[in-house]
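Inspection log for the structure reproduced underneath, given as structure tokens.
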Amino acid sequence: MENGVYPLSEGTYTIAGDHIFVPFNVATDNIRDRPASLLVEIQPFLVVTETDKIVIDPGLGLSLGDGRLHIYHLLERYGLQPTDITKVLLSHLHLDHAGGVVHQVIENGRWTWVPSFPNAMYYWQSTEWDYAFSKGGPSYPIERLEAMRMKSKHVILNGETIIDNFIEASICGGHTPTHQTFLIRAGRDNYFFGGDVVPQFSQMQRKFVAKYDYDGKRSAELRELFTNRAIEEGWTCLFFHDIRKPYCKVKRVDGMIMSID
Ligand SMILES: [Zn+2]
């Protein structure tokens with residue numbers, strides 16, 4: 001398959017104060033029936049480069065009726081098997097981003113968690129891990145994270161790192177105390193994953209402070225900084241929670257931030 005970015009959406013959901021993701025059918029459901037809820041896509045990404053097949057934030061870990069992960073079906077459309085994935089990057093460890101790191105299979109008559117991408121190297125920040133375990137559920141899928149640590153191939157990052165000379169992992173904070181972003185430099189393309197600091201394109205266009213962030217003011221400042229760099233350096237920005245625009249490049253026209261489609 002061609003080098004590039006491929007969204008692996010698990011669908012559209014609403015989330016309210018109870019932290020539960022409720023599936024939302026854009027054609028038949030009405031957001032007014034879900035007061036005080038955010039409407040979000042849950043959208044992991046596949047980035048294919050010369051050397052790697054990278055999954056970024058593998059999502060909730062939704063299974064379909066046949067018991068297989070939804071994301072497996074999406075990969076299959078591109079002719080890929082779970083074993084083809086070489087890296088799994090984790091911006092932070094909230095359930096909607098890290099729920100899919102492992103999945104359950106029957107081993108010796110018992111349900112057991114195993115890595116969803118058995119050949120991949122998993123990457124997460126050590127301080128995000130500590131924060132997750134200090135907070136626990138329901139925001140963090142503790143049991144699955146423990147299984148990931150036990151059974152996956154992984155590198156636990158301690159701060160800013162360049163992975164294999166082409167992926168810049170940078171701690172930015174904002175959404176969680178040590179949330180990280182990824183900038184994948186692949187030939188002429190720069191793919192930027194801002195995680196939940198820039199989860200939707202519209203958040204680059206307006207200034208606001210979100211109450212779901214650990215430090216909303218910091219996130220707001222970061223969005224401005226990332227938007228400026230995205231324009232200057234021609235980044236393709238990937239939006240994990242955007243229900244319309246999975247990714248785009250951005251430009252400034254008469255002071256307004258617009259997408260380049
Ligand atoms: Zn999220």
Side-chain angles (χ1 to χ4, degrees), residues 5 7-24 26 31 34 36-47 54-62 69-71 74 88-102 116 122-125 127-129 131-142 144-145 148 169-182 191-204 208-220 222-223 226 237-247:
V5 56
L8 303 170
S9 174
E10 289 189 303
T12 308
Y13 297 79
T14 55
I15 176 166
D18 56 7
H19 296 273
I20 295 169
F21 290 89
V22 184
F24 183 89
V26 183
I31 187 67
R34 313 232 182 134
S37 295
L38 288 174
L39 185 62
V40 295
E41 198 75 3
I42 293 188
Q43 192 156 249
F45 288 94
L46 168 70
V47 173
I54 304 163
V55 167
I56 312 178
D57 283 2
L60 286 167
L62 180 71
L69 286 178
H70 181 230
I71 206 168
L74 298 176
V88 174
L89 306 179
L90 296 163
S91 66
H92 65 302
L93 300 173
H94 277 156
L95 172 67
D96 54 325
H97 295 253
V101 291
V102 293
S116 302
Y122 286 60
Y123 298 87
W124 67 84
Q125 285 290 341
T127 44
E128 171 66 14
W129 178 275
Y131 185 70
F133 279 74
S134 75
K135 286 284 171 189
S139 295
Y140 286 99
I142 294 302
R144 300 188 210 187
L145 295 176
M148 170 177 78
S170 309
I171 289 185
C172 65
H175 184 62
T176 64
T178 55
H179 178 288
Q180 65 180 335
T181 61
F182 300 106
Y191 299 106
F192 175 70
F193 185 76
D196 272 359
V197 172
V198 201
Q200 297 177 331
F201 171 60
S202 64
Q203 298 196 4
M204 288 184 142
F208 75 105
V209 172
K211 61 176 186 294
Y212 52 74
D213 282 334
Y214 169 78
D215 183 345
K217 243 187 98 206
R218 167 96 181 133
S219 284
L222 287 165
R223 278 191 286 276
F226 294 146
C237 300
L238 281 46
F239 304 111
F240 189 86
H241 287 307
D242 202 304
I243 62 169
R244 290 183 204 90
K245 196 176 282 299
Y247 59 89

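Order of listing sets the numbers, starting from 1, for every ligand and every atom in it.
Within D96, the N/O/S atom positioned nearest the Zn ion (ligand 1) carries the name OD2. Residue D196 approaches the Zn ion (ligand 1) most closely through its N/O/S atom OD2.
None of the N, O or S atoms belonging to H94 lies under 2.8 Å away from the Zn ion (ligand 1).
Seen from the Zn ion (ligand 1), atom NE2 of H241 and atom NE2 of H97 lie 100° apart in angle, a value rounded to 10°.
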Report task. Decide side-chain contact (heavy atoms from CB on, under 4.5 Å) for V198 and C237; before the verdict, give the C-alpha distance in whole Å, the side-chain angles of both, and the deciding distance to 0.1 Å. Result -> CA-CA 9 Å; V198 201; C237 300; over 6 Å; no
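Side chain of E128 to backbone of S91: no donor-acceptor contact under 3.5 angstrom is found. In this structure, the side chain of H92 does not engage the main chain of T176 through any donor-acceptor pair within 3.5 Å.
In plain terms, the two heavy atoms of A132 and I142 that are nearest each other are O-CD1, 3.7 Å.
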